[in-house]
Every structure is written in C-alpha cells, then in structure tokens.
Novice: 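Below you'll find the structure I mean.
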Amino acid sequence: MYSETIHCSAIVLVKRYIRKGIPDEHRPHVWMMVSGAQAQMETNPGYYHSVLLEGQKNTKLVDAVVTDLNRTFPDNVKFRKNASPCLQLTLHNVLVAYGQHNKTVGYCQGMNFITGILILVTKDEEKAFWLLDALLGRILPDYYSPEMMGLKTDQEVLGVLVKMKIPAVAELIDRHDVMWTLLVSRWFICLFIDVLPIETVLRIWDCLFYEGSKILFRVALTLIKQYQAYILEAKNFPDVCDKFKDITKGKFVTECHLFMQRIFTEPGNLSKSTIERLREQRRAQLLSQE
C-alpha cells in the first residue's frame, strides 16, 4: 500500500513537471523516456540503420519523401540544401526508414513537418525515428494510414465534444453546414505545427508524449471556447472558416504558460474513457457510411 502511494505521488509530480514545460536541454530525454521510445530503441539495437538501408531500395517510397523535402520548413536555414550540416538529409533518412518500418503508412504529407520538429529537438536521427514511431504507432494510431480513419474519427469526436461543451458554436457549424474536417484537419494532422507558435507547440507536445492524444482535444476546445463570441459573429460558410483560422493567432496563443494553464481548466473534465467511447461510436458510424 505504501509503495503504491509513492508510485501515485511520483506520477502526479511527473505530470505537474511536464505540464509546466520541460526545459529545452531536457526535452529530448524526457520525450524519449515517457513515450516509450527509449525502451524501443534499446530493445532493438541496429534496427533503425537496417530498416533505412532497406527503405533506400524502395524507389516509390524514396520519390514520395523527396517530393516534400523542399516544402519542409522552407524558412528555416537548417533545412535548406546549402546548409551545413543540411537537415534535409536527416529528414530524408528518418522518413524513408519509417516508411519501410511501417509499410501500412509508408509516407503521408504532414509527417515531414512532425519529423522535422523531432529532428530539431533531439538533434539525433535515430531518436527522431523512434519518437515518430511512438507518435504514429501508439499515440496517434491510424492518423496517417491511407484511409486516415484515426484522423477522421477524432475530428468527428471533437464535433461531439463541442456540442457537449460549447453548444452554441456546434449549432452555428451545423446551421452553415460546415464539415469539421475543413476547420480543424490541419490542427490534428500537423499536431498544431505552423498553426500555433513553436514554443506553444513544444509545450503541447510535452503533454502529448506523456498524456496521449486527449491533449489535442483540450487544445482545440480551449481555442474554440476562448473565442466563442468571435466565432458566433460568423454570418456564412466562408466566415466560419476564416474565424477558425484567426483564432490560432494573437496574444492568447503566444503566451504559452497561460495558454497551457487554460487547456487544463477551460474544457472541464475530459476523461480517456469518454474519448474512447466517443471514438468507438464515431468510428462505427464512419465505417457504416463507406
């Protein structure tokens, strides 16, 4: 009983530490540990390099990856062809290795930005690979599969949560016949990269690696609730779309400490069991429509 109490207290302390923001110098190590990526890497020594060699023989995969290299963070000098060292090569290697490792997913647009951030944070090719595996394989399953069923399901789940917690906005969306995928697909598929400021994104990812995908719902709900009055001013379909773009800018999202505090208070209770129940319902409905 005593050991269980200590264990529970340690979990609470770790969660509190991570929610307050992991210092930059510790972020790679903490992400690796809490996501299970470190354990996977240690259990599979040499695996990354072997799967990279195999992937380089897959012409279709390599061509798909190469197509997006110049589109990845074009404003970041480290990803330019003339940079030394050039992170394009690292990005290429990780994406090719992952595409060979997870043939169901292969390569999908959006993965390049996620991998780019992992490379910038870890400064380590193999660690970036195992963190990508943790995200795509365990934390966000089916987000990047050909059918993108996980992504579609979670967008539908967000719609249900908005109906439960911010009904006036849900009614507006329904009235103007706007699909949630038009409003939030970029939020989910890029995990808020190039949607919110990078410092805020990193803080969100701190929690994502430790607490899982429910953090994405907390962020989305907080943005919508914070700007509810502004969204409700929308008069038509284009208005709604424009307002959802606008709410990801401004002081509220740049003050990352305050923003992170709000995502754990504004949406109220949001249990994993509720999310899983809603996922089951919405996934079944999507599959029945195919």
Side-chain angles (χ1 to χ4, degrees), residues 35-37 40-41 43-155 181-182 184-195 205 208 213 283 286-287 289-290:
S35 67
Q40 286 293 312
M41 187 171 74
T43 305
N44 299 280
Y47 177 79
Y48 169 70
H49 296 289
S50 65
V51 81
L52 173 58
L53 286 173
E54 283 299 310
Q56 287 170 338
K57 301 172 189 175
N58 186 335
T59 307
K60 185 178 178 182
L61 171 63
V62 170
D63 288 348
V65 168
V66 168
T67 300
D68 274 353
L69 290 181
N70 288 328
R71 301 172 187 166
T72 308
F73 302 127
D75 296 329
N76 188 314
V77 293
K78 294 180 180 179
F79 283 96
R80 291 177 185 168
K81 282 184 177 179
N82 58 356
S84 181
C86 177
L87 292 186
Q88 272 199 14
L89 176 60
T90 308
L91 178 66
H92 171 275
N93 288 350
V94 176
L95 289 171
V96 167
Y98 188 79
Q100 183 67 23
H101 162 70
N102 187 341
K103 293 178 182 177
T104 303
V105 170
Y107 174 72
C108 173
Q109 285 188 333
M111 287 168 57
N112 54 322
F113 291 103
I114 292 167
T115 305
I117 293 292
L118 294 175
I119 290 167
L120 287 170
V121 169
T122 62
K123 300 177 177 63
D124 185 292
E125 199 170 302
E126 186 173 6
K127 288 180 179 178
F129 168 82
W130 287 111
L131 283 169
L132 185 65
D133 182 53
L135 274 174
L136 275 55
R138 296 190 295 283
I139 298 172
L140 303 167
D142 287 340
Y143 260 50
Y144 301 90
S145 62
E147 298 80 17
M148 291 186 159
M149 185 54 70
L151 178 69
K152 292 175 184 175
T153 300
D154 279 1
Q155 289 171 171
T181 186
L182 290 174
V184 301
S185 61
R186 194 155 161 260
W187 298 6
F188 282 82
I189 201 166
C190 289
L191 308 181
F192 294 100
I193 301 169
D194 278 353
V195 173
W205 284 27
L208 178 64
S213 58
R283 181 185 293 267
L286 285 168
L287 289 170
Q289 294 169 358
E290 291 186 349

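Remember, predicted model here, so these are calculated numbers, not experimental data.
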Novice: Tell me, please, which residues at least two apart from Asp124 pass side-chain hydrogen bond (donor to acceptor under 3.5 Å, both in side chains).
Specialist: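 Expected list: none.
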
Novice: Do you know which two heavy atoms are closest between Gly137 and Pro141, and how far apart they sit?
Specialist: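 Heavy-atom minimum between the residues: O-CB, 4.2 Å.
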
Novice: Give every donor-acceptor pair under 3.5 Å between a side-chain atom in residues 73-85 and any protein atom, sequence neighbours left out.
Specialist:
from	atom 1	to	atom 2	distance (Å)
Asn76	OD1	Lys78	N	2.9
Arg80	NE	Pro74	O	3.3

Novice: With sequence neighbours excluded, tell me which residues meet side-chain hydrogen bond (donor to acceptor under 3.5 Å, both in side chains) with Lys57.
Specialist: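 Applying side-chain hydrogen bond (donor to acceptor under 3.5 Å, both in side chains) to Lys57 gives Glu54.
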
Novice: To the nearest 0.5 Å, how far apart are CD1 in Ile119 and CD in Glu125?
Specialist: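 Result: 7.0 Å between the selected atoms.
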
Novice: Examine distances only and state if a side-chain atom of Ser50 and a backbone atom of Tyr47 form a donor-acceptor pair shorter than 3.5 Å.
Specialist: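 Confirmed, Ser50 side chain pairs with Tyr47 backbone.
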
Novice: Find the distance between CG (Asp133) and CE (Met41) and round it off to the nearest 0.5 Å.
Specialist: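 Here the interatomic distance stands at 12.5 Å.
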
Novice: For residues 184-195, dump all side-chain donor-acceptor pairs below 3.5 Å to protein atoms at least two apart in sequence or in another chain.
Specialist:
from	atom 1	to	atom 2	distance (Å)
Ser185	OG	Thr181	O	2.9
Arg186	NH2	Asp194	O	2.9

Novice: Which residues pass the side-chain hydrogen bond (donor to acceptor under 3.5 Å, both in side chains) test with Thr153, not counting sequence neighbours?
Specialist: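 Not a single residue meets the side-chain hydrogen bond (donor to acceptor under 3.5 Å, both in side chains) criterion with Thr153.
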
Novice: Apply the test side-chain contact (heavy atoms from CB on, under 4.5 Å) to residues Leu87 and Leu120: give CA-CA distance (whole Å), side-chain angles for both, the deciding distance (0.1 Å), then the verdict.
Specialist: CA-CA 9 Å; Leu87 292 186; Leu120 287 170; 3.7 Å; yes

Novice: Can you tell me which residue pairs pass the salt bridge (Lys or Arg N to Asp or Glu O under 4.0 Å) test with a partner in residues 60-72, sequence neighbours excluded?
Specialist: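 Qualifying pairs, neighbours excluded: Asp68-Arg71.
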
Novice: Check the angle between the aromatic planes of Phe129 and His101 and answer parallel, tilted or perpendicular using the 30° and 60° thresholds.
Specialist: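 Correct class here is perpendicular.
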
Novice: From Ser35 OG over to Arg138 CZ, what is the distance, rounded to the nearest 0.5 angstrom?
Specialist: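 The OG atom of Ser35 sits 6.5 Å away from the CZ atom of Arg138.
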
Novice: Apply side-chain contact (heavy atoms from CB on, under 4.5 Å) to residues Leu61 and Gln56 and explain how you reach the verdict.
Specialist: CA-CA 8 Å; Leu61 171 63; Gln56 287 170 338; over 6 Å; no

Novice: If you compare all heavy atoms of Thr72 against all heavy atoms of Phe113, which two are closest, and at what distance to 0.1 Å?
Specialist: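 Minimum heavy-atom contact is CA-CE2, 4.1 Å.
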
Novice: Test of understanding: with side-chain hydrogen bond (donor to acceptor under 3.5 Å, both in side chains), list the residues that count as partners of Asp142, not counting sequence neighbours.
Specialist: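 Asp142 satisfies side-chain hydrogen bond (donor to acceptor under 3.5 Å, both in side chains) with no residue once adjacent residues are dropped.
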
Novice: Does any N or O in the side chain of Lys127 come within less than 3.5 Å of the main-chain N or O of Val121, such that one atom is a donor and the other an acceptor?
Specialist: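 Looks like no, no N/O pair under 3.5 Å.
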
Novice: Is there a side-chain contact between Leu208 and Leu135 in this structure, where contact means two heavy atoms from C-beta onward sitting under 4.5 Å apart?
Specialist: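 Result yes, sub-4.5 Å side-chain heavy-atom pair found.
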
Novice: Taking side-chain contact (heavy atoms from CB on, under 4.5 Å) as the definition, give me every residue that meets it alongside Asn102, ordered by chain and number, with sequence neighbours left out.
Specialist: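 Once residues adjacent in sequence are excluded, the partners of Asn102 under the side-chain contact (heavy atoms from CB on, under 4.5 Å) criterion are Tyr98, Thr104, Val105.
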
Novice: Once rounded to the nearest 0.5 Å, what's the spacing between atom CG of Leu131 and atom OG1 of Thr122?
Specialist: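 Leu131 CG to Thr122 OG1: 6.5 Å, rounded to 0.5 Å.
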
Novice: Enumerate the ring-ring contact (aromatic ring centres under 6.0 Å, His included) contacts for residues 52-71, please, sequence neighbours excluded, ordered by first and then second residue.
Specialist: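 As it turns out, there is no ring-ring contact (aromatic ring centres under 6.0 Å, His included) pair with a partner in residues 52-71 once direct neighbours are skipped.
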
Novice: What's the spacing between Leu286 CG and Gln155 CD if we round to 0.5 Å?
Specialist: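 Result: 9.5 Å between the selected atoms.
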
Novice: Applying side-chain contact (heavy atoms from CB on, under 4.5 Å), can you list everything that pairs with Val62, at least two apart in sequence or on another chain?
Specialist: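 Residues passing side-chain contact (heavy atoms from CB on, under 4.5 Å) with Val62: Val66, His92, Val96.
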
Novice: May I have the step-by-step check of side-chain contact (heavy atoms from CB on, under 4.5 Å) for Trp130 and Asn44, ending in yes or no?
Specialist: CA-CA 10 Å; Trp130 287 111; Asn44 299 280; 4.0 Å; yes

Novice: Mind jotting down which residue pairs meet the salt bridge (Lys or Arg N to Asp or Glu O under 4.0 Å) criterion with at least one end in residues 83-105? Sequence neighbours excluded, please.
Specialist: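 Sorted pair list comes back empty.
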
Novice: Do Gln88 and Asn70 come close enough that some side-chain heavy atom pair is under 4.5 Å?
Specialist: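 Heavy-atom side-chain distance check passes, below 4.5 Å.
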
Novice: What is the distance from atom CE of Met148 to atom CG of Asp154, rounded to the nearest 0.5 Å?
Specialist: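 Reported value, rounded in 0.5 Å steps: 13.0 Å.
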
